[in-house]
Protein chains: 2
Amino acid sequence: MTRRRGEIPLLLAMTYRAMTEALHDRIAAEGREPLRPAHGYTFRLLLDHADVTSVDLADHLGVTKQAASKIVAELEGWGYVERRPHPTDGRARVLALTDKGHAYVRHADEMWAEIEDRWAAVIGAQRLDDIHHDLRAYVDEVAGGRAVLRPVW
Amino acid sequence: MTRRRGEIPLLLAMTYRAMTEALHDRIAAEGREPLRPAHGYTFRLLLDHADVTSVDLADHLGVTKQAASKIVAELEGWGYVERRPHPTDGRARVLALTDKGHAYVRHADEMWAEIEDRWAAVIGAQRLDDIHHDLRAYVDEVAGGRAVLRPVW
DNA sequence: GCTGGTAGTCAATCAGGTTGACCATCTTAG
DNA sequence: CTAAGATGGTCAACCTGATTGACTACCAGC
């Protein structure tokens, strides 16, 4: 045991920050709208689940529905997302990616691939797969799957 | 390659949040002052380096010196840290842990050990050591050691 | 012994969240 | 069928923790 106690969360934070900043820099260099991590996690949720509402998004991000609603309003204003009437619930709106949204997601995946590959080049692809597995294990098994996205500072 | 692109940062964020929240819950349960991650990273910096100033802290945390100064003021008010005159520089103050600060760090290390051990129980101690090593590798070699702590949301 | 740079503080402002109140709609018990 | 409670969404007020900008006091180098 050479690890120092409490150093793991610190390294998680630094790595998270460095990776998201790498993407952010590229987005900024392209002159794109100021997309933040929360926007990216929104896209991912919409890709994986059908009939997502603002409340669903709020749960996923770990913020209030008002905050989630604001994020959706931004994305809608920029043309990445649109709000459609919910098929069965008259109160609710269903969120969906527009063509621009889908195109961005494909582009972002390529940029993430490059960022992750730079890491894999140092530690090896197998180790990166291990990390993926082990992080998932903490979230699901130790934190009980109740884990939420928004970082606390 | 079964990994989905961009999922690694998402898992980093969720794990970071879940781990820090686990510690935060215990601190709150003890009725202690509302210490946040930034305070913990401050303690760690003071343990590792002598003659740390508020500006040094600001660099380390990735915030402005004004924000760092506010964090120091809180810690000083709670009795965890004190500001002493700098040995050679009349403008600067040197930050140092008080006895209470040192006692808390020891206590926090025990709590971190329990949290990390719960993870190690699922994935194995060797894998946790690997993760430590690999995160450090990203920060140092991919991000060029310029990595900063404060997460962006 | 000027001149430019640095540590720290004060004050104003901003961003991104929260809380609370409210309406419209859905759901369920009786 | 209906009354009562729960839920999705919006509006507005506020809070926290950051930033920017201006300023003072001190340091360092020519």
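First the proteins, then the strands, lettered A, B, ... as listed; each starts at 1. The figures that follow rest on heavy atoms only: side chains count, while hydrogens, waters and symmetry mates do not. Note that this is a predicted model, so its numbers are computed, not measured.
The side chain of A:R150 places no N or O atom within less than 4.0 Å of a non-bridging phosphate oxygen (OP1 or OP2) of C:dG16.
Here the two rings, on B:Y16 and A:Y16, have centers that are 6.0 Å apart or farther.
Separating the CG atom of B:L57 from the P atom of D:dA18 is a distance of 11 Å, rounded to the nearest angstrom. A:R84 has its CZ atom 15 Å from the P atom of D:dG9, to the nearest Å. Put simply, CG on B:D59 is 12 Å from C1' on C:dT6, counting in whole angstrom units. What separates CZ of B:R36 from C1' of D:dC15 is a distance of 13 Å, to the nearest Å. If you take NE2 of B:H86 and C1' of D:dC26, they are 13 Å apart, rounded to a whole angstrom. Distance A:I71 CD1 to C:dA15 P: 15 Å, rounded to the nearest Å. Across the protein-nucleic acid pair, A:L75 atom CG and C:dG16 atom P stand 13 Å apart, rounded to whole Å. Distance, A:H39 NE2 to C:dA15 C1': 12 Å, rounded to whole Å.
The side chain of A:R91 approaches D:dA6 more closely than any other nucleotide in the set C:dG8, D:dA18, D:dA6. The side chain of B:R83 lies closest to C:dT9, out of C:dA21, D:dC26, C:dT9. Side-chain proximity of B:V55 to D:dG8, C:dG17, C:dG8: nearest is C:dG8. Of all nucleotides listed (C:dG17, C:dA7, D:dA18), C:dA7 comes nearest to the side chain of B:K65. Listed nucleotides C:dA11, C:dG17, C:dG20 differ in distance to A:Q66; the shortest reach to its side chain belongs to C:dG20.
The end-to-end axis angle of the helix from C:dG1-D:dC30 to C:dG30-D:dC1, rounded to 10 degrees and based on five pairs per end, is 30°.
Using a 4.0 Å heavy-atom distance criterion, A:T64 is classed as a base contact. Across all strands shown, A:S69 has heavy atoms under 4.0 Å from sugar-phosphate atoms exclusively, and none from any base.
A 4.5 Å side-chain heavy-atom check between B:M111 and B:I27 finds at least one atom pair inside the cut-off. The shortest distance between side-chain heavy atoms of B:R93 and B:R84 does not fall below 4.5 Å.
Annotation: of the two residues near DNA chain C, B:W153 and B:R93, the 5′-most nearest-nucleotide partner is B:R93. Residue whose closest nucleotide on DNA chain C sits further toward the 5' end, between A:D89 and A:K70: A:K70.
Screening A:R4, A:R127, A:R3 for a salt bridge (Lys or Arg N to Asp or Glu O under 4.0 Å) with B:D129, the sole residue that qualifies is A:R3.
Relative ring orientation between B:Y80 and B:Y104 is described as perpendicular, the plane-to-plane angle rising above 60° on a 0-90° scale split at 30° and 60°.
A donor-acceptor contact shorter than 3.5 Å is absent between the side chain of A:T98 and the backbone of A:E82. Between the side chain of B:K100 and the backbone N or O of B:W78 there is at least one donor-acceptor pair closer than 3.5 Å.
Under 3.5 Å, the side chains of A:E33 and A:H39 contain no donor-acceptor pair of N or O atoms.
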